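Predicted model only: the values in this text are computed from it and were never measured. All heavy atoms count here, side chains included; hydrogens, waters and symmetry mates do not.
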Amino acid sequence: MKKKDNYIRPSWDDYFLGIAQTVASRATCDRGRSGCVIARNKQILVTGYVGSPMGLAHCDDVGHQMKKVVHEDESITQHCVRTVHAEQNAITQAAKLGIAISDSTIYCKMTPCRTCAMLIINCGITRVVCEKKYHAGGESEAMFKEAGVKLVFKNKEVEQYKNQ
């Protein structure tokens, strides 16, 4: 049978990462619009995006709530603490709806932060697929390795965003 065009279907990882990008369009913090998808057996279980807790003001409306974090190596990074991360929102959505997410894969814009990594490990998620690396993702990478969570990067670049 002859192919009609050169179309190549995306891999499952690329498919779910593409959906995560669409989910990110709902994010309410312009500093790092991010979304994620949790899937198992090629089926979406739940999605999440960066946003303030329900009923609270959004960064896009009232501005960022920035905090500086001083790390062990004395480097300083800035973080907006007004919002809940995409991974946290997806995990809490699954809990709220009674959806088991153990033995699943989470698809993210970048390496999950340390807190999200701990939640991912404790939820029993076994695979993390990231579009890019997070500039402060070293601890998360080490925790995933120690916990036996498979970590895949589609691109080895570090995600760049405002006030990093």
Side-chain angles (χ1 to χ4, degrees), residues 10-67 69 77-137 139-141 143-155 159 161-162 164:
S11 68
W12 285 107
D13 285 350
D14 290 337
Y15 171 73
F16 289 124
L17 283 172
I19 293 170
Q21 289 172 355
T22 299
V23 171
S25 69
R26 291 281 306 153
T28 61
C29 181
D30 68 355
R31 191 167 164 268
R33 294 200 197 281
S34 183
C36 76
V37 171
I38 300 176
R40 183 176 49 236
N41 298 327
K42 302 176 185 171
Q43 295 291 311
I44 295 172
L45 300 174
V46 70
T47 65
Y49 55 85
V50 173
S52 297
M54 292 187 301
L56 300 184
H58 298 294
C59 295
D60 289 351
D61 299 329
V62 298
H64 300 288
Q65 186 178 351
M66 300 300 290
K67 300 283 183 185
V69 176
T77 56
Q78 294 190 80
H79 301 271
C80 178
V81 296
R82 185 176 306 284
T83 59
V84 179
H85 292 185
E87 299 87 346
Q88 294 165 358
N89 271 326
I91 290 167
T92 57
Q93 193 70 354
K96 184 177 174 181
L97 298 172
I99 298 170
I101 56 175
S102 59
D103 299 317
S104 62
T105 298
I106 189 166
Y107 295 87
C108 312
K109 181 177 183 176
M110 63 185 125
T111 319
C113 73
R114 186 180 197 286
T115 300
C116 288
M118 291 187 289
L119 291 171
I120 288 165
I121 292 165
N122 278 358
C123 286
I125 293 171
T126 55
R127 188 165 175 262
V128 178
V129 178
C130 307
E131 196 175 319
K132 294 183 181 178
K133 289 186 168 245
Y134 173 47
H135 72 276
E139 283 184 287
S140 298
E141 291 179 35
M143 282 193 293
F144 286 143
K145 184 176 182 178
E146 186 176 344
V149 174
K150 184 173 182 180
L151 179 61
V152 176
F153 292 102
K154 293 301 284 186
N155 183 330
E159 177 69 15
Y161 52 91
K162 289 192 279 185
Q164 197 163 304

| said: For a side-chain contact (heavy atoms from CB on, under 4.5 Å) check, start with the C-alpha distance between C116 and S140, then their side-chain angles and the critical distance, and finish with the verdict. | reply: CA-CA 8 Å; C116 288; S140 298; over 6 Å; no
| request: Could you please spell out the steps behind the side-chain contact (heavy atoms from CB on, under 4.5 Å) verdict for T126 and S104? | output: CA-CA 6 Å; T126 55; S104 62; over 6 Å; no
Considering all heavy atoms of both residues, which atom of [X] and which atom of [Y] are nearest to each other, and what is their separation?
X: I91; Y: C123; answer: CG2-SG, 3.5 Å
X: S34; Y: A86; answer: O-CB, 3.7 Å
X: C36; Y: C108; answer: CB-CA, 4.3 Å
X: V23; Y: G48; answer: CG1-O, 3.3 Å
X: T111; Y: Y134; answer: OG1-N, 3.1 Å
X: G35; Y: A24; answer: N-CB, 3.3 Å

| request: First locate atom CE of M118, then atom CE of M143, and finally report the distance between them rounded to the nearest 0.5 Å. | output: 5.5 Å
| said: Working to the nearest 0.5 angstrom, can you tell me the gap between L17 CG and N155 CG? | reply: 10.5 Å
| message | Quick test of your reading: applying side-chain hydrogen bond (donor to acceptor under 3.5 Å, both in side chains), list the pairs with at least one residue in residues 89-102, sequence neighbours left out, ordered by first then second residue. | response | none
| request: Give a yes or no on this: more than 12 heavy atoms of other residues, nucleotides or ligands lie within 6.0 Å of atom CG of D61. | output: yes
| message | Checking A20 now: which residues fulfil side chain to side chain contact (heavy atoms under 4.5 Å, CB included) with it, not counting sequence neighbours? | response | V37
| query | With A147, which residues qualify under side chain to side chain contact (heavy atoms under 4.5 Å, CB included), at least two apart? | reply | I121, V149
| request: Say whether H85 and T83, considering side chains only, have a donor N or O and an acceptor N or O under 3.5 Å apart. | output: no
| field | Test log, rule side-chain contact (heavy atoms from CB on, under 4.5 Å), inputs I44 and I19 | value | CA-CA 10 Å; I44 295 172; I19 293 170; 3.7 Å; yes
| request: For E141, enumerate each residue passing the salt bridge (charged side-chain N to carboxylate O under 4.0 Å, His left out) test, keeping only those at least two apart in sequence or located in another chain. | output: K133
| field | All salt bridge (charged side-chain N to carboxylate O under 4.0 Å, His left out) counterparts of R26, not counting sequence neighbours | value | none
With sequence neighbours excluded, give me every salt bridge (Lys or Arg N to Asp or Glu O under 4.0 Å) pair touching [range].
range: residues 80-92; value: none
range: residues 32-56; value: R33-D60
range: residues 101-128; value: D13-R127, K109-E159, R114-E139

| message | Applying side-chain contact (heavy atoms from CB on, under 4.5 Å) to V128 and T105, what does each step give before you reach the verdict? | response | CA-CA 6 Å; V128 178; T105 298; over 6 Å; no
| said: Can you list everything that forms a side-chain hydrogen bond (donor to acceptor under 3.5 Å, both in side chains) with S11? Sequence neighbours excluded, please. | reply: D14
| task | Go through the structure and list residues passing side-chain hydrogen bond (donor to acceptor under 3.5 Å, both in side chains) with Q88, not counting sequence neighbours. | result | none
| task | Among residues two or more places apart or on two chains, list those pairs meeting ring-ring contact (aromatic ring centres under 6.0 Å, His included) that have a residue in residues 14-48. | result | W12-Y15, W12-F16, F16-Y107
| field | ring-ring contact (aromatic ring centres under 6.0 Å, His included) partners of residues 36-59, not counting sequence neighbours, each pair once | value | none
| Looking at I106, L151, V152, which hits side-chain contact (heavy atoms from CB on, under 4.5 Å) with C130? | L151
